[in-house]
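This report refers to the structure that appears directly beneath it.
Here is the naming used below: chain letters follow the sequence lines, and residue numbers restart at 1 for every chain.
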Number of protein chains: 2
Amino acid sequence: MRKESSTNNINEKRLRELCGTSYALSIIGGRWKPTIICRLMDGKVRYSDLRDSIIGVSERMLVQQLRELEKDGILIRIVHPQVPPKVEYELTEDGLCMQPMLSKMSEWGNNHKAKYQKEELV
Amino acid sequence: MRKESSTNNINEKRLRELCGTSYALSIIGGRWKPTIICRLMDGKVRYSDLRDSIIGVSERMLVQQLRELEKDGILIRIVHPQVPPKVEYELTEDGLCMQPMLSKMSEWGNNHKAKYQKEELV
DNA sequence: CTCATTTCTTACTTTTTTGTAAGTACCTAA
DNA sequence: TTAGGTACTTACAAAAAAGTAAGAAATGAG
């Protein structure tokens, strides 16, 4: 839960407002979010498949991150009314069009990582 | 200080290793980092100018974020040996070449923000 | 009636990040 | 000798994010 009146919260909100980058970060910044979005890039995926393919994530975290992404309009939740339950997650258009951004991030990240690891050897 | 043995730390490290996007996020993810990097995009800037132009940041936070960016090879610290002290910060090549990534993030962010705020009116 | 399956909840703890407030070091100039 | 300017430190507190462990609902199969 966020405390509305905290300096922390106020600062974050202001940065989000005046800087597109900070805004983007506030949406994809959660620990498991890039991974989740990646997994969904090729189409909808079932909850249990997400859970099983993302090693290290707990159900608590997975559900939380999914809910936040849903609230931010990045993905939708598709409930099939059956028992046992079946729920699928699918990127929205706004989620899909993160692709160029994510790929730039990945590109920069991988370059920097490679370079840094090389420098360590020197 | 990070606790080496925590699940939190271990998860972050693993994601960083295997995903360029998570790696990039771990570097630009700090509250004031995108703003700092932005300010430096046009050339070196003095500490006090950074402090005065970034509203809301405390000296504690500013120094901390600068140190982390320095450690990650994004910027360098240029000390002029004089009194009163004069310190400038300048992006490295790795910092400068964040530009395309940052601009994609900013672009996506601004689009999404505009769209979302429009939808709220409906 | 009991069990299995799937998708979550809930209450709680730990870890990490962010912020506050006050103080420090250095020399220079009045 | 005292004040002033710059770039920080330090000790502490508050807030936020991440993780743990156990449980819950719904229903069809046996």
* Asked: Whole Å only: how far is the CD atom of Glu68(B) from the C1' atom of dT17(C)?
  -> 10 Å

* Could I get the full list of side-chain hydrogen bond (donor to acceptor under 3.5 Å, both in side chains) partners for Lys13(A), not counting sequence neighbours? => Glu4(A)

* Asked: What's the CE-P distance between Met61(A) and dT10(C), to the nearest Å?
  -> 16 Å

* Can you check whether Gly20(B)'s main-chain N or O pairs, donor with acceptor, with Ser106(A)'s side chain at less than 3.5 Å? -> no

* **Between dT7(C) (P) and Ile78(A) (CD1): distance, integer Å** => 13 Å

* Is any side-chain nitrogen or oxygen of Thr7(A) closer than 4.0 Å to OP1 or OP2 of dA14(D)? -> no

* **Residue-level proximity of residues 84-92 of chain A to DNA chain D when a heavy atom falls under 4.0 Å** => none

* Asked: How about Ile27(B) and Lys33(B): do any of their side-chain heavy atoms sit closer than 4.5 Å?
  -> no

* Phosphate oxygens OP1/OP2 of dG28(D): is one of them under 4.0 Å from a side-chain N or O of Gln82(A)? -> no

* Structure fact -> In whole angstroms, the gap separating P of dA7(D) from OH of Tyr47(B) amounts to 8 Å

* First of Val83(A) and Arg31(B) reached from the 5' end of DNA chain C, by closest nucleotide -> Val83(A)

* Choose from dA16(D), dT16(C), dA18(D) the nucleotide whose nearest atom is closest to any side-chain atom of Arg2(B). => dT16(C)

* Any donor-acceptor N/O pair, His112(B) side chain to Asp72(A) backbone, under 3.5 Å -> yes

* Asked: Counting only side-chain N and O atoms of Arg51(A), is one of them less than 4.0 Å from OP1 or OP2 of dT6(C)?
  -> no

* Asked: To the nearest angstrom, how far is Arg77(A) atom CZ from dC8(C) atom C1'?
  -> 8 Å

* Asked: Atom CG of Asp49(B) to atom P of dA7(D): distance rounded to whole Å?
  -> 8 Å

* Asked: Roughly, in whole Å, what's the span from NZ in Lys3(A) to P in dT18(C)?
  -> 18 Å

* Asked: When all nucleic acid strands are considered with a 4.0 Å heavy-atom cut-off, which category describes Ser58(A): base, sugar-phosphate, or nothing?
  -> base

* Can a side chain N or O of Ser48(B) be found less than 4.0 Å away from OP1 or OP2 on dA7(D)? -> yes

* Assign Arg60(A) to base, sugar-phosphate, or nothing according to its heavy-atom contacts below 4.0 angstrom with the strands shown. => base

* Between Glu59(A) and Glu4(A), name the one whose nearest nucleotide on DNA chain D is closer to the 5' end. => Glu4(A)

* **Ile10(B) CD1 - dT16(C) C1' separation (whole Å)** => 15 Å

* Close side-chain approach of Tyr89(B) to Leu40(B), heavy-atom, < 4.5 Å -> yes

* Do Ser26(A) and Arg16(A) have side-chain N/O donor and acceptor atoms under 3.5 Å apart? -> yes

* Asked: Mapping Asn8(A) and Ser5(B) onto DNA chain C by nearest heavy atom, which one lands closer to the 5' end?
  -> Ser5(B)

* To do: Rounded to the nearest 0.5 Å, what's the gap from CD1 on Ile74(A) to CD on Glu90(A)? Could you check?
  => 13.5 Å

* Nearest listed nucleotide, side chain of Arg67(A), among dT9(D), dT9(C), dT7(C) -> dT9(C)

* Asked: Is the shortest heavy-atom distance from the side chain of Arg46(A) to the side chain of Val87(A) under 4.5 Å?
  -> no

* To do: Please check the phosphate of dG19(C) (OP1 and OP2 only) for any side-chain N or O of Asn11(A) closer than 4.0 Å.
  => yes

* Looking for any heavy atom pair under 4.0 Å, which part of the strands does Glu12(A) touch: base, sugar-phosphate only, or nothing? -> nothing

* Asked: Hey, does the side chain of Gln64(B) come within less than 4.0 Å of dC8(D)'s phosphate (OP1/OP2), counting only N and O?
  -> no

